[in-house]
Amino acid sequence: MTDTSGPAPIRVLIADDQRVVREGLSMLVALIDDVEVIGVAGDGAEAVRLAEIHRPDVILMDLRMPDLDGIAATGLLRERLPLSRVLVLTTYADEDAIVPALRAGARGYLTKDASAEQIEAAIHAVHAGQTHLDPAVQERLVAAVIRSPDPAELAGPGTGGRETQESRETLEGRETREGRDARKPPDGLTAREAEVLALLASGLSNAEIGQRLYLSHATVKTHINRIFAKTGARDRAQAVRYAYQHGLTAPGE
């Protein structure tokens, strides 16, 4: 009798307009022990159609495809199949591709020079509900986040392009208070948690953070779990984004 008590395989759909890429990815992904390729698509429209039929767990999605591109397909899939998670796998790692794809609902983003091990790790991560970003993609995303916003954005919606004296005074007063309070961490973070978050954002591993701060591995892990809880981050990538958004980065970063 066959033992069927093990977990069901992760069901993956592959979408890419280049046949050689589709076939290569299909063979590569099929070699992963707990993953099953349930279909391939040559464009975004076919990807959406096949996904609605087969209900995959993860969709490996190219971006630049004819008829319906990967970003538009990702947006449709988020609306129609919220339990199917999109992992972008593309040649492009520029801000104009990364940001729209993530806004459309992609849970992961890899470039096509990713190794088999990186693709396997990303499939497992997005299937588990985590965000998985290629390091180069994460770097570009962080750079986009930390750019100075337009003054019209600072003025807020409904003000047009008008930056009022009140808004300038509010910003200046906030900066003065932040300087006076030695940049008190937001969202209830302790000074130590902010320090751990800054080192995490600089790319250090848990072990490296422990060495830098003379903390045990268990203590570092406890701090990071508390950081996730207080900031609402689900994984390290989101914690890094939070750190840059709130200026909680290590000096020189």
Is [Y] reachable from [X] through a run of hydrophobic residues whose side-chain heavy atoms are each under 4.5 Å from the next?
X	Y	result
Ile38	Ile53	no
Leu89	Val35	yes
Ile119	Leu133	no
Val21	Met65	no
Ile10	Leu60	yes

Taking [X] for the side chain and [Y] for the main chain, is one N or O donor matched with an acceptor at less than 3.5 Å?
X	Y	answer
Lys230	Gly188	yes
Glu120	Ala116	no
Asp235	Gln130	no
Arg107	Leu102	no
Gln118	Ser115	yes

Problem set entry | Whether over 12 other heavy atoms sit under 6.0 Å from Arg103 CZ |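 Atom CZ in Arg103 is not packed in, count stays at 12 or less.
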
Return the [atom1] to [atom2] distance between [X] and [Y], rounded to the nearest 0.5 Å.
X	Y	atom1	atom2	answer
Glu117	Ile32	CD	CD1	9.5 Å
Thr219	Ile209	OG1	CD1	12.5 Å
Leu50	Arg55	CG	CZ	12.5 Å
Leu248	Leu199	CG	CG	11.5 Å
Leu77	Ser84	CG	OG	7.0 Å
Arg236	Asn206	CZ	CG	4.5 Å

Less than 4.5 Å apart, any side-chain heavy atom of [X] and any of [Y]?
X	Y	value
Leu189	Leu197	yes
Arg192	Leu215	yes
Tyr109	Ile98	yes
Lys221	Asn225	yes
Ile123	Val29	yes
Val12	Ile59	no
Asp17	Pro66	yes
Val40	Arg19	no

Seminar exercise, completed: Residue set satisfying side-chain contact (heavy atoms from CB on, under 4.5 Å) with Ala47, at least two apart, ordered chain then number -> Ala15, Ala41, Met61

For this session: Just jot down the side-chain contact (heavy atoms from CB on, under 4.5 Å) partners of Arg226, sequence neighbours excluded, or say none.
Result: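 side-chain contact (heavy atoms from CB on, under 4.5 Å) list for Arg226, sorted by chain: Glu193, Thr222.
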
Less than 4.0 Å between a side-chain N and a carboxylate O, is that true for [Y] and [X]?
X	Y	result
Arg22	Asp62	no
Arg64	Asp43	no
Arg212	Glu208	no

For this session: Give a yes/no verdict on a cation-pi contact between Arg234 and Phe228, requiring under 6.0 Å between NZ or CZ and the six-membered ring centre and an angle within 45° of the axis.
Result: no

Write down the atom of [X], the atom of [Y], and the distance for their closest heavy-atom approach.
X	Y	answer
Ala122	His132	CB-CD2, 3.5 Å
Val88	Ala106	CG2-CB, 3.7 Å
Leu63	Ala97	CD1-CB, 3.9 Å
Ala239	Leu200	CB-CD2, 4.2 Å
Val137	Ala93	CG2-CB, 4.4 Å
Ala201	Ala243	CB-CB, 3.7 Å

Problem set entry | Between His246 and Asp187, a side-chain donor and acceptor under 3.5 Å | no

Problem set entry | Test side chain to side chain contact (heavy atoms under 4.5 Å, CB included) applied to Asp57 and Arg11, Arg85, Glu36, the passing residue |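 Going through the options one by one, the only one that passes is Arg11.
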
